[in-house]
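Beneath this line is the structure, given in structure tokens, with notes to follow.
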Amino acid sequence: MQILGIETSCDETSAGVVKDGKTLLSNVVLSSMDLHIAYGGVVPEIAARSHIEAIMPVINEALTEAKCTWNDIDGIAVTYGAGLGGSLLIGVLAARTLAITKNKPLYGINHVEGHIYANFLTETSLPGYVLPQNQPQFPVLGLIVSGGHSQLVLWENHFKYRLLGQTQDDAIGEAFDKVAKILGLPYPGGPSIGDTALRGNPAAHDLPKSRMPGKYDFSFSGIKTAVLRLAQRQIGEDFTFPSFKLSERLSEAQKADIAASFQRVAVETIVDKTVLAYEEYKPKSVIIGGGVAASPELRRQLAERLPLPIEYTDPKLCTDNGAMIATLGCYKAMLNQPAADPYRLEIEPNLSM
Ligand code: KG4
Ligand code: ZN
């Protein structure tokens with residue numbers, strides 16, 4: 001079973017081919033990030049235009065890298081939500097058109113579920129990938145942490161899952177991106193805060209962890225505001241001081257301490273709830289997905305506090321990619337899930353789990 005996966009929900013145009021839900025044959029990712037950096041975040045119109053230009057070359061390269069022709073492809077999987085409307089549309093229209101013209105079954109994929117399935121890839125002959133040795137065992141506790149999502153999900157089996165909790169406002173990646181902006185660090189904020197934090201003291205500042213009514217729910221808007229107030233206090237200004245002028249006045253040492261303290265507390269917030277869910281549900285595997293899963297601090301805290309070893313996938317498979325979409329597509333095809341109608345599959349920008 002060889003599935004082509006297509007992913008265009010945000011700024012990455014990506015396609016990959018996966019065999020039998022475990023072997024990575026190709027993964028081509030073209031990011032329009034360079035075009036967004038000047039704006040400090042993804043500009044939806046620019047992302048959509050980049051997808052139009054990149055989508056067919058990226059798909060063709062994914063087939064070439066996998067040493068496949070269309071005859072070797074058993075189905076097409078595509079992200080239809082959640083994501084930016086204009087971006088999703090390009091991937092879905094390309095996938096629908098190819099499903100019709102190449103006569104292949106089409107599978108609509110929920111982007112957030114896709115992130116978890118990146119962890120099912122255990123084999124590849126592609127250079128530069130370090131994959132887990134074993135596939136996750138059900139029940140699986142999944143933590144999805146990205147620029148758009150912070151969710152804890154319990155999978156009893158493929159397609160049988162329960163959302164335990166999620167963020168009620170900002171996603172954790174979004175909080176990293178916003179705090180980076182306050183500190184004048186480059187976008188995306190996750191890696192730039194991680195690097196700056198290495199030079200700071202994580203215990204320098206106490207920042208609040210929000211208390212949520214839902215046992216497994218998160219909130220990251222409070223900590224973001226707390227960082228803003230802390231930065232204003234550090235330079236002796238009050239809450240009226242504009243956030244975009246803060247980075248000029250903060251010293252490198254102050255920035256490093258704020259980055260390290262923010263990173264520690266933000267990561268602790270999700271690790272606290274992951275440990276709580278682990279104790280309640282005793283899953284056989286814990287897996288993490290989404291861009292923030294690449295964070296060394298998150299991996300360090302999970303290793304320190306969870307009693308079972310976690311196998312992490314390659315950081316290139318944590319951020320948005322077509323291979324994770326192809327992997328979930330394989331399981332849909334292998335386990336006889338219904339295919340989508342290529343004449344009707346619509347995008348769902350607000351799709352939830
Ligand atoms: O999964 P992703 O590529 O896109 C979404 O679906 O949102 O995640 C992007 C997010 C950004 O907020 C970025 O700051 C964060 O992932 N990120 C990281 C790291 N690499 C990317 N956060 C922490 N540490 C990293 N190394
Ligand atoms: Zn994502």
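Excluded from the calculations below are hydrogen atoms, water molecules and symmetry mates; all remaining heavy atoms, backbone and side chain alike, are included. Quick caveat, the model's predicted, so the values are computed rather than measured. Each ligand, and each atom within it, is numbered from 1 in the order the structure gives.
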With side chain to side chain contact (heavy atoms under 4.5 Å, CB included) as the criterion, how do Y129 and N27 come out once you've worked through the C-alpha distance, each side chain's angles and the decisive distance to 0.1 Å?
CA-CA 10 Å; Y129 281 87; N27 189 37; 3.3 Å; yes

Less than 4.0 Å between a side-chain N and a carboxylate O, is that true for E123 and K19?
no

Is the ring pair Y216/Y281 parallel, tilted or perpendicular, if the boundaries are 30 and 60 degrees?
tilted

Using 30° and 60° as the class boundaries, would you call the ring planes of H158 and Y331 parallel, tilted or perpendicular?
parallel

Tell me whether E304 is salt-bridged to R300, with the criterion being a basic N under 4.0 Å from an acidic carboxylate O.
yes

Against ligand 1, does H111 come closer than 4.0 Å with any heavy atom?
yes

Near T319 (heavy-atom distance under 4.0 Å), the atoms of ligand 1 are 3 (O)

Residues K209 and E268 bridged, charged N to O under 4.0 Å:
yes

So which heavy atom in the protein is nearest atom 15 (C) of ligand 1, and how far is it from that ligand atom?
V292 CG2, 3.9 Å

Ion pair D217/K273, N-O distance below 4.0 Å
no

Heavy-atom side-chain contact between Y278 and P307 under 4.5 Å:
yes

Would you say ligand 1 has an N or O under 3.5 Å from any N or O of G173?
yes

Taking the six-membered ring for Trp, are F218 and H149 closer than 6.0 Å centroid to centroid?
no

Nearest neighbour of atom 16 (O) of ligand 1 from the list S295, G291, A197, P188, on a heavy-atom basis
G291

Do the side chains of L152 and L141 get nearer than 4.5 Å, heavy atoms only?
yes

Starting from atom 23 (C) of ligand 1, locate the nearest protein heavy atom and write down its residue, its atom name and how far away it is, to 0.1 Å.
G190 CA, 3.4 Å

From the options T8, T13, D11, select the one residue that forms a side-chain hydrogen bond (donor to acceptor under 3.5 Å, both in side chains) with H51.
T13

Could you check atom 11 (C) of ligand 1 against the protein and tell me its nearest heavy-atom contact, residue, atom and distance included?
D177 OD2, 3.7 Å

Counting C-beta onward and ignoring hydrogens, is there a side-chain heavy-atom pair between T23 and V18 closer than 4.5 Å?
no

Distance flag, aromatic centroids of H111 and Y80, threshold under 6.0 Å
no

So if I count the atoms of ligand 1 from 1 in the order they appear, which ones are less than 4.0 Å from some heavy atom of A294?
26 (N)

Count up the protein N, O or S atoms sitting under 2.8 Å from the Zn ion (ligand 2), would you?
3

What is the nearest protein non-hydrogen atom to atom 3 (O) of ligand 1, stated with its residue, atom name and distance?
D320 N, 3.3 Å

Quick one: does H115 get a heavy atom under 4.0 Å from ligand 1?
yes

Suppose we measure from atom 7 (O) of ligand 1 to each protein heavy atom; which comes out shortest, and what is that distance?
G147 N, 2.8 Å

Any atom of ligand 1 sitting under 4.0 Å from a heavy atom of P191?
yes

With heavy-atom distances below 4.0 Å as the criterion, list the atoms of ligand 1 near G148.
7 (O)

Is G189 in contact with ligand 1, taking contact as a heavy-atom separation below 4.0 Å?
yes

